[in-house]
A.B. asks: 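Please find one structure pasted underneath; my questions will follow.
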Amino acid sequence: QPAMQFAQRLDHVETSAIRELFKLLGKPGIISFAGGFPDSAMFDVEGLREAAQRALADEPGAALQYGATEGYNPLREQLAAFMAAKGATVAPDGLIVTTGSQQALDLIGKTLVDPGSTVLVEAPTFLATIQCFRLYGAQVIGAPIDAQGVQVERLEELVVRHRPRFVYLIPTFGNPSGATLSLQRRLRILELAVRTRTVIVEDDPYGDLYFGEAPPPSLLALSDQVPGSRDWLVHCGSLSKVLSPGLRLGWMIAPAALLAKATMCKQFSDAHTSTFAQATAAQYLRSGRMPAALQRARQVYAERARAMGESLRQKLGEALTFTQPGGGLFVWARLSGADGALADAGELARRAIEHGVAFVPGAPFFATEPDRASLRLSFATVGVEQIREGVARLKAALMQGTPS
């Protein structure tokens, strides 16, 4: 039998390392720091039930019928108000609703990337975007980050050298880094966009999950301070981490020409995002329950992040370095190799599974020059006591075979 012939673009991508890891998590009693999921206990089930019932009662035809590709207008209005409350002015027709923010990123790849185009991302960055942009033929290059986000000087060097189609950033509580771009750097990036005529894609799924002081305003909110920057800025938002990933609702705000092209491409893929999900979300946002739901999630995740940081410092000490996150769902860490301890996170991940704990090695999050000592730990779905026990298991895995 002749072998099936697949598209050549698939030669440059692989299955998600995270999704593959999940296949190993069926072992009973395992404590998982691997997933990037919100805790399902944070879902406002009663509020969503009431919103779904109101959607069916108020506009059953619209909620259950085909809808506009751009999105269900009542939801677009609510999302515009949601963004306005965070300092970003956008008209309802200045955004489109997408099937999760992941679709927004896919639409950006479809509309802006040609085979051989260069795309700049943070190093490290969200794994799925590396694969998404590569699928469309992009050469994806990483720009280094530190605790204050992407290093703007290095980013500018890469922009000047490679003339990328766009720069993709997660400025607030990044995945996987947990880093937050400082206010000064945000303004410099907007200035860089105008000066070099470079599109900046801001992905912001975690910005509402802060633990204490609110983070700096989004690039979108700050764009009014840098004349011309809005013309080069794309903002992607999501309800997955703050309401429910099962609704599969995201949105994209972009210059009109790009928004029109993205809408056209969306017509070819799913015609429109679920109108029932959109109508439910619109009713929920209108109900005024979101602030209380967000506050609860912030408190729970803050406690878990604090417990993970304390446990890592107490149990692993100098064997692991990390920056305590101020929000989001992740701790990004690096094995130091101190006193002869293991410094390969991939090997540690295999040992950790045997000890009943899981995490994601950091190497796949790098588009270029992977750091094999790095790892991502999620505290989102694990209670405080389980976090402490999981870190103890991680220590046992790390110390396995270490010379005494």
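Numbering starts at 1 and runs along the sequence shown.
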A.B. asks: Would the distance check show the side chain of E122 and the main-chain N or O of I170 forming a donor-acceptor pair, the cut-off being under 3.5 Å?
C.D. replies: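 Side chain of E122 to backbone of I170: a pair is present.
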A.B. asks: Would you please name every residue forming a ring-ring contact (aromatic ring centres under 6.0 Å, His included) with Y66, sequence neighbours left out?
C.D. replies: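 Result, ring-ring contact (aromatic ring centres under 6.0 Å, His included) vs Y66: H272.
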A.B. asks: Looking at CE of M252 and NZ of K266, how far apart are the two atoms once the value is rounded to the nearest 0.5 Å?
C.D. replies: 10.0 Å
A.B. asks: Consider only side-chain N and O atoms of D44 and Y284, and report whether a donor and an acceptor are under 3.5 Å apart.
C.D. replies: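 Note: D44 and Y284 side chains meet the donor-acceptor criterion.
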A.B. asks: With no hydrogens and no angle check, is any side-chain donor or acceptor of S378 less than 3.5 Å from a backbone partner on L329?
C.D. replies: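 At least one qualifying donor-acceptor pair exists.
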A.B. asks: Evaluate whether atom CD of Q295 has more than 12 neighbouring non-hydrogen atoms of other residues, nucleotides or ligands under 6.0 angstrom away.
C.D. replies: yes
A.B. asks: Do the side chain of S274 and the main chain of A277 share a donor and acceptor less than 3.5 angstrom apart?
C.D. replies: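 Confirmed, S274 side chain pairs with A277 backbone.
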A.B. asks: Could you tell me whether the side chain of E202 and the main chain of L219 form a donor-acceptor pair under 3.5 Å?
C.D. replies: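 At least one qualifying donor-acceptor pair exists.
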A.B. asks: Would you give the length of the straight line joining atom CD of E50 to atom CZ of R289, rounded to the nearest 0.5 angstrom?
C.D. replies: 5.0 Å
A.B. asks: Taking atom CD as the centre, does Q8 end up with more than 12 heavy-atom neighbours from other residues, nucleotides or ligands that are less than 6.0 angstrom away?
C.D. replies: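 Open: at most 12 neighbouring heavy atoms sit under 6.0 Å from CD of Q8.
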A.B. asks: Does the gap between the ring centers of F133 and F166 come in under 6.0 Å?
C.D. replies: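 Yes - the distance between ring centres of F133 and F166 falls below the 6.0 Å cut-off.
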A.B. asks: Taking the side chain as everything from C-beta on, heavy atoms only, tell me whether P217 gets closer than 4.5 Å to K86.
C.D. replies: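 Not touching, per the 4.5 Å side-chain cut-off.
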A.B. asks: So, R165 side chain and G109 main chain: donor-acceptor pair closer than 3.5 Å or not?
C.D. replies: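 No; zero donor-acceptor contacts below 3.5 Å.
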A.B. asks: Which heavy atom of F43 sits nearest a heavy atom of P245, and at what distance?
C.D. replies: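 Nearest pair, atom of F43 first, then P245: CZ-CD, 3.6 Å.
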A.B. asks: Would you say M290 and L239 make side-chain contact, with heavy atoms under 4.5 Å?
C.D. replies: yes
A.B. asks: Rounded to the nearest 0.5 Å, what separates atom CZ in F173 from atom CG in D208?
C.D. replies: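 Rounded to the nearest 0.5 Å, the CZ-CG separation comes out at 9.5 Å.
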A.B. asks: Would you mind reporting whether L220 and L233 have side-chain heavy atoms less than 4.5 Å apart?
C.D. replies: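 A side-chain contact under 4.5 Å exists here.
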A.B. asks: Locate the shortest heavy-atom distance separating I253 from R230; write the atom from each residue and the value.
C.D. replies: CG2-NH2, 4.1 Å
A.B. asks: Apply side chain to side chain contact (heavy atoms under 4.5 Å, CB included) to T273 and Q278, showing your working.
C.D. replies: CA-CA 8 Å; T273 298; Q278 291 187 73; 3.8 Å; yes
A.B. asks: State, to 0.1 Å, how close L243 and L247 come at their nearest heavy-atom pair, and which atoms those are.
C.D. replies: CD2-CD1, 3.7 Å
A.B. asks: Run L155 and I189 through side chain to side chain contact (heavy atoms under 4.5 Å, CB included) and show every step you take.
C.D. replies: CA-CA 9 Å; L155 179 64; I189 283 174; 4.3 Å; yes
A.B. asks: Could you go through E59 and Y72, starting from their C-alpha distance and side-chain angles, then the distance that decides it, and tell me whether this counts as side chain to side chain donor-acceptor pair (under 3.5 Å)?
C.D. replies: CA-CA 12 Å; E59 289 190 286; Y72 180 61; 2.6 Å; yes
A.B. asks: Can you list the residues that meet the salt bridge (charged side-chain N to carboxylate O under 4.0 Å, His left out) rule with D204, with sequence neighbours excluded?
C.D. replies: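 Per chain and number, D204 pairs via salt bridge (charged side-chain N to carboxylate O under 4.0 Å, His left out) with no residue.
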A.B. asks: Distance from F379 atom CZ to L312 atom CG, nearest 0.5 Å?
C.D. replies: 11.0 Å
A.B. asks: Do you know which two heavy atoms are closest between V382 and R304, and how far apart they sit?
C.D. replies: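 Closest heavy-atom pair between V382 and R304: O-CD, 3.2 Å.
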A.B. asks: List the atom of Y168, the atom of T125, and the distance in Å for their closest heavy-atom pair.
C.D. replies: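 Heavy atoms of Y168 and T125 come nearest at CE2-OG1, 3.4 Å.
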A.B. asks: Can you find a pair of side-chain heavy atoms, one from K261 and one from L112, that are under 4.5 Å apart?
C.D. replies: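 With C-beta onward as the side chain, the pair stays apart.
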A.B. asks: Is any side-chain heavy atom of L64 closer than 4.5 Å to a side-chain heavy atom of L56?
C.D. replies: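 With C-beta onward as the side chain, the pair touches.
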A.B. asks: As an exercise, state the distance from CZ of R376 to CH2 of W332, rounded to the nearest 0.5 Å.
C.D. replies: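 If I round to the nearest 0.5 Å, the distance is 8.5 Å.
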A.B. asks: Side chain to side chain donor-acceptor pair (under 3.5 Å) between R306 and S311: does it pass, once the steps are laid out?
C.D. replies: CA-CA 9 Å; R306 185 165 51 250; S311 297; over 6 Å; no
A.B. asks: Mind running salt bridge (charged side-chain N to carboxylate O under 4.0 Å, His left out) on D231 and R197 for me, showing each step along the way?
C.D. replies: CA-CA 9 Å; D231 296 335; R197 302 174 67 83; over 6 Å; no
A.B. asks: For R49 and E46: C-alpha separation, side-chain torsions, deciding distance, then whether salt bridge (charged side-chain N to carboxylate O under 4.0 Å, His left out) applies.
C.D. replies: CA-CA 5 Å; R49 181 184 295 113; E46 183 58 34; 2.6 Å; yes
A.B. asks: Among pairs that include at least one residue of residues 377-397, which meet salt bridge (Lys or Arg N to Asp or Glu O under 4.0 Å), considering only residues two or more places apart or in two chains?
C.D. replies: E385-R388, E389-R393
A.B. asks: Would you please say whether a donor-acceptor pair under 3.5 Å links the side chains of Y136 and D106?
C.D. replies: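 There is such a pair (donor and acceptor under 3.5 Å, judged by atom type) between the side chains of Y136 and D106.
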A.B. asks: For the pair I200 and L190, evaluate side chain to side chain contact (heavy atoms under 4.5 Å, CB included) and give the outcome as yes or no after the intermediate values.
C.D. replies: CA-CA 8 Å; I200 305 293; L190 292 173; 5.9 Å; no
A.B. asks: Taking everything shown except R372 itself, do over 12 heavy atoms lie less than 6.0 Å from its CZ?
C.D. replies: no
A.B. asks: Locate the shortest heavy-atom distance separating F276 from A52; write the atom from each residue and the value.
C.D. replies: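 Smallest interatomic distance, heavy atoms only, reads CZ-CB, 4.0 Å.
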A.B. asks: Would you confirm whether R9, through its side chain, and G137, through its main-chain N or O, come within 3.5 Å as a donor-acceptor pair?
C.D. replies: no
A.B. asks: Going by the side-chain hydrogen bond (donor to acceptor under 3.5 Å, both in side chains) test, which pairs reach into residues 238-251, not counting sequence neighbours?
C.D. replies: S238-S240, S240-R248
A.B. asks: Measuring only between side-chain heavy atoms, which start at C-beta, is L394 closer than 4.5 Å to L348?
C.D. replies: yes
A.B. asks: Taking only distance into account, with no hydrogens and no angle test, what donor-acceptor pairs under 3.5 Å do side-chain atoms of residues 314-325 form with protein atoms, sequence neighbours excluded?
C.D. replies:
| from | atom 1 | to | atom 2 | distance (Å) |
| --- | --- | --- | --- | --- |
| T321 | OG1 | R334 | O | 3.4 |
| Q324 | NE2 | A305 | O | 2.9 |

A.B. asks: Less than 4.0 Å between a side-chain N and a carboxylate O, is that true for R351 and E347?
C.D. replies: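 Yes, E347 and R351 are salt-bridged.
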A.B. asks: I'd like to check the salt bridge (charged side-chain N to carboxylate O under 4.0 Å, His left out) partners of R154; sequence neighbours left out, ordered by chain and number.
C.D. replies: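 Partners of R154 under the salt bridge (charged side-chain N to carboxylate O under 4.0 Å, His left out) test: E157.
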A.B. asks: Would you call E153-R188 a salt bridge at under 4.0 Å N-O?
C.D. replies: yes
A.B. asks: CG/D93 to CG/N73 distance, rounded to the nearest 0.5 angstrom?
C.D. replies: 8.5 Å
A.B. asks: Under 3.5 Å, is there a donor-acceptor pair between the side chain of R186 and the main chain of L181?
C.D. replies: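 Checking the backbone N and O of L181 against the side chain of R186, a donor-acceptor pair under 3.5 Å is found.
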A.B. asks: Salt bridge check, E156 against R195: does any charged N sit closer than 4.0 Å to a carboxylate O?
C.D. replies: yes
A.B. asks: Between V159 and L192, does a side chain to side chain contact (heavy atoms under 4.5 Å, CB included) hold up when you go through it step by step?
C.D. replies: CA-CA 9 Å; V159 167; L192 174 66; 4.3 Å; yes
A.B. asks: For the residue pair D39 / T381, report whether a side-chain donor-acceptor contact shorter than 3.5 Å exists.
C.D. replies: no
